[in-house]
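Bear in mind that the values here come from a model prediction, so they are computed numbers and not experimental data.
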Amino acid sequence: MKAETVETSTMTTRERLLRAAADLLTNGGREAVSTRAVSAAAGVRAPTLYRLFGDKEGLLDAVVAYGFEEYLAAKKALDLTDDPVADLSRSWDLHVDFGLSKPAFYILIYGEARAGEGLAGREAVAILHRLVARVAAAGQLRMSVERAAHLMHATGMGVVLSLLATPPAERDLELSTIARDHVLRTITTGDGPDPASATGVPNRAVALREALRHDGTDTLTANERALLADWLDRMADAPGTSPVRAEPDGAG
């Protein structure tokens, strides 16, 4: 108790309010996080809370960032290997683990119409985008980075929210693995070199798009670069496209 008292005394007013709000969110869900309850739990006057966070929505955004810190730190600290697809797979697992271990935070972040609008949500999506871009740079992506990242993000959210809606004793955690592997098969060319998919127009368009995004070029004007990027994204995501295959001998 003394150690807890000392720790509390060294916290700033903002930190006390965030911790109180996080505890209320964890134990009682979103509805428990009222400005009155948070102020009382933190031992802080309501006007101070409003001065620091503006209103309840500002407080909730700050709580999301507070609860997201550990997850974002883990994502940023992910040791990248020379296998970008495997790294992307591990990122998925981190996302699912976070959602199942902090359900109240996850639902607040992703389960409402306001989801993703906060800085924490945008930062998580940006990290995912960078991981998908590494797959594209390696020539292993079947579609545009934007579409692949969106597909993976949307599927991951659906899996976690579905699992959270299921009583813990009835959850089939293998669903996450199945969904992850299905998404990876859909967006990537597969493990190892695949001559058929590696020479396809969509695959080449994605690789060139990412190379230009990373290295740039002085040959084209800004408008030309934007136009080329649009063309490449359209070729990467065009329906019905398939890898270029060599014609058999004698084909006319």
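Residues Leu80 and Leu184 share a hydrophobic cluster, clusters being chains of Ile/Leu/Val/Met/Phe/Trp/Tyr side chains in contact below 4.5 Å. In terms of hydrophobic clustering, with Ile, Leu, Val, Met, Phe, Trp and Tyr side chains grouped at heavy-atom distances under 4.5 Å, Ile178 and Val183 are assigned to different clusters.
Remark: Lys75 pairs with Tyr71, Ser91, Leu94, Ile127 by the side-chain contact (heavy atoms from CB on, under 4.5 Å) rule, at least two apart or across chains. Shown here are the salt bridge (Lys or Arg N to Asp or Glu O under 4.0 Å) partners of Asp93, two or more places apart in sequence or in another chain: Arg180. With sequence neighbours excluded, the residues forming a side-chain contact (heavy atoms from CB on, under 4.5 Å) with Ala104 are Leu25, listed by chain and number. Under the side-chain contact (heavy atoms from CB on, under 4.5 Å) criterion, Asp97 pairs with no residue at all, not counting sequence neighbours. Applying the ring pair (Phe, Tyr, Trp, His ring centres under 6.0 Å) rule to Tyr66 yields no partners; only residues at least two apart in sequence or on another chain are considered. Taking the side-chain contact (heavy atoms from CB on, under 4.5 Å) definition, one finds that Pro103 meets it with Leu164, sequence neighbours left out.
Proximity of a side-chain donor or acceptor of Thr26 to a complementary backbone N or O of Ala22 within less than 3.5 Å is detected. Of the possible donor and acceptor atoms, none in the side chain of Arg142 sits under 3.5 Å from a partner among the backbone N and O of Ile187. Arg90 places a side-chain N or O within donor-acceptor distance of the main-chain N or O of Asp79, the cut-off being under 3.5 Å.
Across all non-hydrogen atoms, the minimal contact from Arg16 to Ala42 is NE-O, 3.4 Å. Taking every heavy atom of both residues into account, Ala124 and Phe68 meet most closely at CB-CE2, 3.7 Å. Scanning both residues, Val159 and Ala179, for their nearest heavy atoms gives CG2-CB, 3.6 Å.
Taking CG of Leu131 as the start and CG of Leu88 as the end, the distance is 6.0 Å to the nearest 0.5 Å. Here CG of Leu141 is found 8.5 Å from OG1 of Thr189. Values are rounded to the nearest 0.5 Å. Expressed to the nearest 0.5 Å, how far CG of Asp82 lies from CZ of Arg134 amounts to 8.5 Å. The structure places CG of Leu100 at 9.5 Å from NE2 of His95, a figure rounded to the nearest 0.5 Å.
Annotation: salt bridge (charged side-chain N to carboxylate O under 4.0 Å, His left out) contacts involving residues 151-176, sequence neighbours excluded, are absent. Evaluation of the ring-ring contact (aromatic ring centres under 6.0 Å, His included) test over residues 148-187, restricted to residues two or more places apart or in two chains, returns Tyr110-His153.
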Kindly indicate, with the supporting measurements, whether the criterion side-chain contact (heavy atoms from CB on, under 4.5 Å) is fulfilled by Leu128 and Val132. CA-CA 6 Å; Leu128 173 61; Val132 174; 4.1 Å; yes

Please assess Lys76 against Glu123 for the test side-chain contact (heavy atoms from CB on, under 4.5 Å), listing each intermediate value before the final yes or no. CA-CA 10 Å; Lys76 292 175 181 177; Glu123 188 170 358; 2.5 Å; yes

Can you list the steps and then say if Leu18 with Val63 is a side-chain contact (heavy atoms from CB on, under 4.5 Å)? CA-CA 6 Å; Leu18 286 175; Val63 172; 4.0 Å; yes

Run the side-chain contact (heavy atoms from CB on, under 4.5 Å) test on Phe98 and Tyr106 for me, step by step, so that the C-alpha distance in whole Å, both residues' side-chain angles and the decisive distance to 0.1 Å come before the verdict. CA-CA 8 Å; Phe98 168 74; Tyr106 193 89; 3.9 Å; yes

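Within a 6.0 Å sphere centred on CG of Asp55, other residues, nucleotides and ligands contribute more than 12 heavy atoms.
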Only pairs under 3.5 Å count here: list side-chain donor-acceptor contacts from residues 33-41, not counting sequence neighbours, and write none if there are none.
{"residue": "Ser34", "atom": "OG", "partner": "Ala37", "partner atom": "N", "Å": "3.0"}
{"residue": "Thr35", "atom": "OG1", "partner": "Tyr50", "partner atom": "OH", "Å": "3.1"}
{"residue": "Ser39", "atom": "OG", "partner": "Thr35", "partner atom": "O", "Å": "2.8"}

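Using a 4.5 Å cut-off on side-chain heavy atoms (C-beta onward), Met143 and Thr186 make contact. A 4.5 Å side-chain heavy-atom check between Phe53 and Arg14 finds at least one atom pair inside the cut-off. Annotation: side chain of Trp92 is in contact with side chain of Val96 (closest heavy-atom distance under 4.5 Å).
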